[in-house]
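Each chain gets a letter, A, B and so on, in the order the sequences are listed, and its residues count up from 1.
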Amino acid sequence: MEIFFPIARMPISIFAILGLGGTVGLLSGLFGVGGGFLMTPLLMMMGVPPAVAVASDTNQIVAASASGTLAHSKQKNVDFKLGFIILIGSLIGGSLGTVLVNVLRSLGNFDFVLNIAYVVMLLSVGSFMLVESINSLKKLRKKGTNAELTIKKTSAATKFMQSLPMKMYFEVSGIESSVLALLALGLMIGILSALMGVGGGFIMLPIMIYLIGMPTHNAVGTSIFVIIFTAINVTLAQSTLNHTVDLMLAMVLLIGSSIGAQFGAKLGKKLQGEQLRVVFSLIVLLVMAKMLFSLLATPASLIGLGGGH
Amino acid sequence: MSLKRLLILIIALLLMLICTIPALADTAPVVSPQQINIGLNFKGADLAVSGSVPEGADVYIKVTSPNDSVLELNKKGRVGGMWMNVENTDVSNVPKLYQIISSQKIAVLPQKLQEELGLTQDFEPIYQSATVEKKTDSGNVPLSSEEAGNFVSSLVKIYQESGLYAVNENAVKIENGKYQATVKLPPNLPQETCKITVYTVKGGSLLGSTSVPFEVNTVGITSWLNSEAIFDGPTYGLIAVLIALFFGTGIALLFGYIEKILSGGKSGGFDASASH
């Protein structure tokens with residue numbers, strides 16, 4: 001059964017999109033990351049124009065994070081004060097990023113920048129996860145227990161963070177942090193969200209935990225709060241400026257991903273995380289390799305249609 | 001004698017008229033459907049074209065869309081080992097749809113007629129009409145015909161691959177003075193008023209030609225989403241966000257509800273492994 005997606009302007013099997021959403025949702029439920037960074041490249045591999053893939057994925061993230069926020073706000077994990085400061089940065093970043101998409105598209109090299117950005121990001125996320133999960137697997141073997149991972153703080157980076165001006169104390173998380181650093185983090189998340197169609201949780205979380213020093217449960221809750229508003233802003237901006245949001249595509253993806261995520265979350269509690277993380281990081285690296293190949297290999301035709309269609 | 005001759009001539013002329021009048025009148029092709037609707041289940045469309053054809057004549061059908069839109073073509077080059085677009089061009093005067101379906105080989109037609117009617121194997125008319133302008137900092141600069149040719153031939157190839165451009169010889173069936181053909185239209189059809197032109201050719205000369213337009217429109221939710229997205233981006237964005245929020249919360253609540261039922265009202269999760 002195929003659906004003609006109105007903005008992507010192509011028919012795609014509804015089961016393929018549901019399957020894609022479901023798989024990414026399952027992974028994100030298992031690992032607690034948004035999965036937007038897998039969704040966009042996979043949509044592009046299915047032939048969806050890159051700009052449409054990015055914008056529709058952001059729309060889907062609005063929905064996915066809405067269900068997440070509901071769960072977390074009940075558990076009082078959201079540090080609203082800290083989240084609000086990051087959000088200011090990310091709203092500005094998201095709007096700037098959308099303009100950047102527009103400029104890159106008119107220059108005819110949006111796809112290129114997008115590909116490079118993905119290769120860099122997937123490579124760093126994938127190898128970070130791989131190293132981290134292999135390390136913790138080793139630890140588990142040594143101890144033979146399921147003891148929780150202790151988070152090591154890189155002392156040099158922590159010192160740098162502490163040296164930044166405009167300190168503020170955040171009661172909910174019980175930490176002190178520089179307002180400037182939070183704004184900068186937000187700015188980066190916003191730009192990434194617009195450019196790559198990601199929520200940015202996979203970058204925000206490690207920074208919140210390792211650099212800012214937030215407790216993990218606060219970091220997770222607060223990042224979802226930031227993501228939902230960033231994604232709303234970027235969806236609005238992309239619709240206004242680039243007309244690339246395919247609502248139909250986003251909704252079919254959403255149905256798949258939310259079902260997948262529910263099963264993923266339940267399944268994650270039963271399975272051993274570290275081994276799964278190794279598999280997950282390998283998937284991420286595989287997608288990265290595919291994208292790198294497309295940048296390096298001689299294209300079948302040097303001349304191609306621009307403008308997303 | 002001269003009267004008899006004149007009579008024969010008149011009869012002959014009359015006979016010719018009788019033959020040609022219905023031939024001219026009847027070649028007006030019947031196209032069905034006359035309107036192509038692009039909805040959610042659109043996978044491309046088959047157009048049936050039929051009509052009558054004079055004895056011994058061949059039928060050449062040309063399907064085209066207007067050539068009024070401007071396209072962007074990019075040329076890739078190697079920069080630092082990676083392939084990126086290094087040349088951006090605007091291409092105009094190229095129709096998005098160009099198909100030829102015939103009952104006979106195109107090569108049978110005299111060269112001059114091929115060019116005149118736009119019935120060529122290699123889409124020659126496109127090369128003639130297309131203009132390719134390179135985008136530079138100081139405005140658009142037209143490319144030389146040789147360079148432009150490269151861009152146009154790539155575009156033709158892209159369109160051939162997606163099925164917008166096609167030549168299908170011997171695909172028109174002729175039986176008892178009637179012809180019948182199916183035009184295969186791909187899903188990425190331009191939303192315009194397209195045209196079907198039917199040429200009847202006998203012995204290398206054109207007997208007649210008629211054309212019928214057909215509409216390509218989006219319908220239903222596809223049409224609404226399309227026009228809303230393009231003409232009212234902010235409202236579309238707001239709708240997209242609201243629907244996403246509604247869906248997201250709805251699905252979360254639904255799953256919470258299912259969980260409650262499955263666990264028989266007790267707290268705790270439903271068994272995900274049960275689904276395997």
Review point. Between A/Leu236 and B/Leu238, what is the shortest heavy-atom contact and its length?
Key: CD2-N, 3.3 Å

Exercise for review: Side chain from CB out, backbone as N, CA, C, O: work out which of these in A/Ser257 comes under 4.5 Å of a heavy atom of chain B, or both, or neither.
Suggested key: neither

Study note, to complete from the structure: Heavy-atom closest pair (A/Pro6 atom, B/Leu225 atom, distance to 0.1 Å) is CG-CD1, 3.6 Å

**Study point:** Region of B/Leu40 in contact with chain A, defined by heavy-atom distances below 4.5 Å
**Key:** both

**Study point:** Portion of A/Ser294 that has a non-hydrogen atom of chain B nearer than 4.5 angstrom
**Key:** neither

Check your understanding: Do B/Ile230 and A/Ile7 come within less than 4.5 Å of each other through their side chains, counting heavy atoms only?
Key -> no

Practice item. Taking all heavy atoms of B/Ala244 and all of A/Ala63, pick out the closest pair and write down the distance. Key: O-CB, 3.1 Å

Exercise for review: Mark yes when over 12 heavy atoms from residues, nucleotides or ligands other than B/Lys62 sit less than 6.0 Å from its NZ; otherwise mark no.
Suggested key: yes

Check your understanding: Tell me, side chain or backbone of B/Leu242 under 4.5 Å from chain A's heavy atoms, or both, or neither?
Key -> neither

Revision key, fill the gap. Of the listed B/Asp232, B/Asn188, B/Ile243, the one with the largest count of heavy-atom pairs under 4.5 Å with chain A is B/Ile243

Revision key, fill the gap. Greatest number of non-hydrogen atom pairs under 4.5 angstrom with chain B, of A/Ala297, A/Ala64, A/Ser301, A/Ala250, falls to A/Ala297

**Study point:** Toward chain A, the part of B/Ile38 with a non-hydrogen atom under 4.5 Å
**Key:** side chain

**Study point:** CG-NE2 distance between B/Asn226 and A/His243, expressed to the nearest 0.5 angstrom
**Key:** 12.0 Å

Exercise for review: Rounded to the nearest 0.5 Å, what's the gap from CD on A/Gln60 to CZ on B/Phe247? Could you check?
Suggested key: 12.0 Å

Check your understanding: Given the options A/Ile3, A/Asn109, A/Ile116, A/Val113, which has more heavy-atom pairs under 4.5 Å with chain B than any of the others?
Key -> A/Asn109

Check your understanding: If you count heavy-atom pairs under 4.5 Å with chain A, which of B/Gly256, B/Ala252, B/Ala240 comes out on top?
Key -> B/Ala240

Revision key, fill the gap. Pair count under 4.5 Å, heavy atoms only, with chain B: among A/Thr235, A/Leu254, A/Thr240, highest is A/Thr240

Revision key, fill the gap. Applying a strict 4.5 Å limit to non-hydrogen atoms, the region of A/Ser258 in contact with chain B is both

Practice item. Please round to the nearest 0.5 Å and tell me the distance separating atom CG of B/Asn74 and atom CG of A/Asp111. Key: 8.5 Å

Revision key, fill the gap. Residues 76-93 of chain B vs chain A, non-hydrogen distance cutoff under 4.5 Å, contacting residues -> B/Lys76, B/Arg78, B/Gly81, B/Met82, B/Trp83, B/Met84, B/Asn85, B/Asn88

**Study point:** Minimum-distance pair of heavy atoms, taken over all atoms of B/Gly237 and A/Ser239
**Key:** CA-OG, 3.2 Å

Check your understanding: So which part of B/Lys157 gets closer than 4.5 Å to some heavy atom of chain A, the side chain, the backbone, both or neither?
Key -> neither

Point to revise | Any A/Arg105 side-chain heavy atom under 4.5 Å of B/Glu72 side chain | key: no

Exercise for review: Heavy atoms only: give me the nearest B/Tyr236-A/Leu247 pair and the separation to one decimal.
Suggested key: OH-N, 3.1 Å

**Study point:** Exceeds 12 heavy-atom contacts within 6.0 angstrom, atom NZ of B/Lys195
**Key:** no

Practice item. Examine whether an atom of B/Ile158 lies under 4.5 Å from a heavy atom of chain A, and if so say whether it belongs to the side chain, the backbone or both; otherwise answer neither. Key: side chain

Point to revise | B/Leu245 vs A/Ile228 side-chain heavy atoms within contact, under 4.5 Å | key: yes

Review point. When only pairs under 4.5 Å are counted, which of A/Asn242, A/Val245, A/Thr244 shares the most heavy-atom pairs with chain B?
Key: A/Val245

Practice item. Name the region of A/Phe112, side chain, backbone, both or neither, that has any atom closer than 4.5 Å to a heavy atom of chain B. Key: side chain

**Study point:** Under 4.5 Å from a heavy atom of chain B, the part of A/Ala231 involved
**Key:** neither

Study note, to complete from the structure: Heaviest contributor of heavy-atom pairs below 4.5 Å to chain A, chosen from B/Ser154, B/Ser223, B/Gly248, is B/Gly248

Practice item. Any chance you could measure A/Met1, atom CE, to B/Asn41, atom CG, to the nearest 0.5 Å? Key: 9.5 Å

Review point. Is it the side chain or the backbone of A/Asp246 that comes within 4.5 Å of chain B heavy atoms, both, or neither?
Key: backbone

